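Step one of this worksheet: look at the structure below.
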Amino acid sequence: MARQSRFYLARVLKRGELTKEKIIEAIRDPVTVEFRGTRYSFTDFRAFGGSGQENGFYARLAKYRQQGAVSVVREDEHESVEAEVRNLIDASSAFVYLPDYSGLAYRHIWNSLPREQFERVFKELIEFKYVLAGCDIDPVTDLRTFVMRLSRLDRITELQATVSPPNPLFAPCWKSLSDYLRKRRLTEVQIKEQAEGGIETRVKEIAEAVLQSDGPGGRVLEMMEPLLGGVGDAALLMAADGYGRARVRGRESDQEVVIRTSENQKSFLLDADPNPEVLYERALAVFRQISEERGLEHP
């Protein structure tokens, strides 16, 4: 059986002059960035979908050294020696970009190219190509895991969220917040709510509804609708859908607890070196399922 690896899900958020076309071009015709003698670039580009209607793009984020060495056997002398190799790859993370969902599914490689490093380098490669463009990679939260953790809190004393205008999807429960961002032409908004005695929030009710259902289905979406007037709750759910990051501080059995959306990132397992089309189809199916479960819509 092929070795399995974990692939994480995130949204690629666009700022400034960045467009999905520019992201695709940055992956297709990449620049190279260097940190402390190690270089990074995109390789092995491939597109999926009909000509002119491509809806998915595969590539690898390669981490390599300009000059490296490998051990080889010198047969005549029956000994091993070091041979110099140019552009020796240390790690290569397969990923797919799905512009219809602003979606990114990428391989996490322990100790070589972990998710935090992948996200940082991906952002650098896009922004280095386009000086007037900004790019953020925000995690798509595993909603069930996240709310299960929230449901154990006795009270929520602080809620912080930083969110950006979504494109091209939105959800009914935070549409008013999304419209506010667009109306004010904001690239992001930061929200912070505090109450030592506990914030009046429906987050725990939503958590209980999610846990009691087979998935974030109809009843949950109905409960989310009243949150149109709850800016903090709406921002938390918006961040959980991958359009920002959020942190919740609360009390659990007289202990202070901090829960972050980034710590509950949604993922799936697949072959460590997957067939590009298999990775594309799996990622597309997962992002479609997320949109259906959470009521995400295209304008």
Side-chain angles (χ1 to χ4, degrees), residues 3-18 20 22-46 57-72 80-97 102-140 162 164 187-188 242 244-245 247 258 260-267 270-274 276 279 283:
R3 183 168 61 91
Q4 299 254 292
S5 192
R6 189 162 296 279
F7 288 77
Y8 284 98
L9 304 184
R11 306 273 186 198
V12 182
L13 306 186
K14 305 179 284 290
R15 291 183 285 104
E17 297 183 359
L18 190 62
K20 67 178 182 181
K22 287 185 175 180
I23 294 173
I24 295 164
E25 186 57 27
I27 300 171
R28 187 200 317 268
D29 183 23
V31 297
T32 297
V33 296
E34 184 172 335
F35 302 104
R36 299 178 182 177
T38 299
R39 295 187 168 191
Y40 301 85
S41 191
F42 297 129
T43 65
D44 306 308
F45 177 86
R46 182 172 170 183
F57 303 89
Y58 166 93
R60 289 177 173 271
L61 198 165
K63 174 183 179 181
Y64 63 97
R65 288 168 283 162
Q66 191 174 14
Q67 198 69 40
V70 295
S71 295
V72 298
S80 62
V81 295
E82 293 290 302
E84 289 191 355
V85 178
R86 285 187 58 79
N87 298 330
L88 179 65
I89 292 178
D90 290 325
S92 181
S93 174
F95 69 89
V96 290
Y97 170 56
S102 298
L104 187 68
Y106 63 90
R107 182 188 171 198
H108 164 78
I109 306 177
W110 284 105
N111 300 322
S112 297
L113 201 53
R115 59 176 174 170
E116 298 85 357
Q117 186 179 22
F118 179 99
E119 292 176 358
R120 184 175 66 253
V121 174
F122 189 100
K123 170 184 171 72
E124 291 287 338
L125 286 168
I126 301 298
E127 293 183 342
F128 194 77
K129 175 114 176 153
Y130 304 108
V131 179
L132 299 178
C135 172
D136 292 314
I137 311 298
D138 283 339
V140 175
T162 300
S164 301
T187 56
E188 71 173 31
R245 292 174 184 257
R247 184 183 75 179
V258 177
R260 296 177 175 83
T261 51
S262 59
E263 296 169 345
N264 299 273
Q265 192 167 359
K266 195 167 181 62
S267 65
L270 200 64
D271 291 350
D273 187 20
L279 175 57

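All figures in this text were calculated on a predicted structure; none of them were measured in a lab.
To the nearest 0.5 Å, atoms CD (Gln4) and CG (Asp271) are separated by 5.5 Å. Taking CZ of Arg247 as the start and OG1 of Thr261 as the end, the distance is 11.0 Å to the nearest 0.5 Å. Atoms NZ and CD1, on Lys129 and Ile23 in that order, are 13.0 Å from each other to the nearest 0.5 Å. Between Ser92 atom OG and Lys63 atom NZ the span is 12.0 Å, to the nearest 0.5 Å. Taking CG of Asp136 as the start and CD1 of Ile126 as the end, the distance is 12.0 Å to the nearest 0.5 Å. The distance from atom CD1 of Ile137 to atom CG of Leu13, rounded to the nearest 0.5 Å, is 7.5 Å.
Contact between Ala91 and Ser112 at its shortest, heavy atoms only, is CB-CB, 3.7 Å. Scanning all heavy atoms of the two residues, the minimum distance from Ile27 to Pro30 falls at O-CD, 3.8 Å. For Arg107 against Ser5, the heavy-atom pair with the smallest separation is NE-OG, 3.0 Å.
By the 4.0 Å N-to-carboxylate-O rule, Arg60 lies close enough to Asp273 to be salt-bridged with it. Ion pairing between Glu188 and Arg245 fails under the 4.0 Å rule for side-chain N and carboxylate O. Comment: Lys22 does not engage Glu25 in a salt bridge, judged by the lack of any side-chain N to carboxylate O separation of less than 4.0 angstrom.
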For residues 32-40, please give each side-chain donor-acceptor pair under 3.5 Å, one per line with the distance, not counting sequence neighbours.
{"unit_1": "Glu34", "atom_1": "OE1", "unit_2": "Arg39", "atom_2": "NE", "d": "3.1"}
{"unit_1": "Arg39", "atom_1": "NH2", "unit_2": "Gln66", "atom_2": "OE1", "d": "3.3"}
{"unit_1": "Tyr40", "atom_1": "OH", "unit_2": "Gln117", "atom_2": "NE2", "d": "2.8"}

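Here the side chain of Glu119 pairs no donor or acceptor atom with the backbone of Asp138 at under 3.5 angstrom. Side-chain atoms of Ser102 never come within 3.5 Å of backbone atoms of Arg11 as a donor-acceptor pair (strictly under, hydrogens ignored).
Here the rule is ring pair (Phe, Tyr, Trp, His ring centres under 6.0 Å) with Phe42, and of Phe95, Phe57, Phe128, Tyr64 only Phe95 fits it.
Below 30°, between 30° and 60°, or above 60°: for Tyr8 and His108 the angle between ring planes is above 60°, a perpendicular geometry.
A heavy-atom distance below 4.5 Å is not found between the side chains of Gln265 and Arg6.
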Worksheet item: Where do Tyr130 and Val31 land on the side chain to side chain contact (heavy atoms under 4.5 Å, CB included) test, with the steps shown first?
Response: CA-CA 10 Å; Tyr130 304 108; Val31 297; over 6 Å; no

Discussion item. Between Phe122 and Tyr106, is the ring-ring contact (aromatic ring centres under 6.0 Å, His included) condition met? List the steps.
Written reply: CA-CA 10 Å; Phe122 189 100; Tyr106 63 90; 8.3 Å; no

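Judged as a ring-ring contact (aromatic ring centres under 6.0 Å, His included), and not counting sequence neighbours, Tyr58 has no contacts. In terms of the ring-ring contact (aromatic ring centres under 6.0 Å, His included) criterion, Tyr97 has no residue partners (sequence neighbours excluded).
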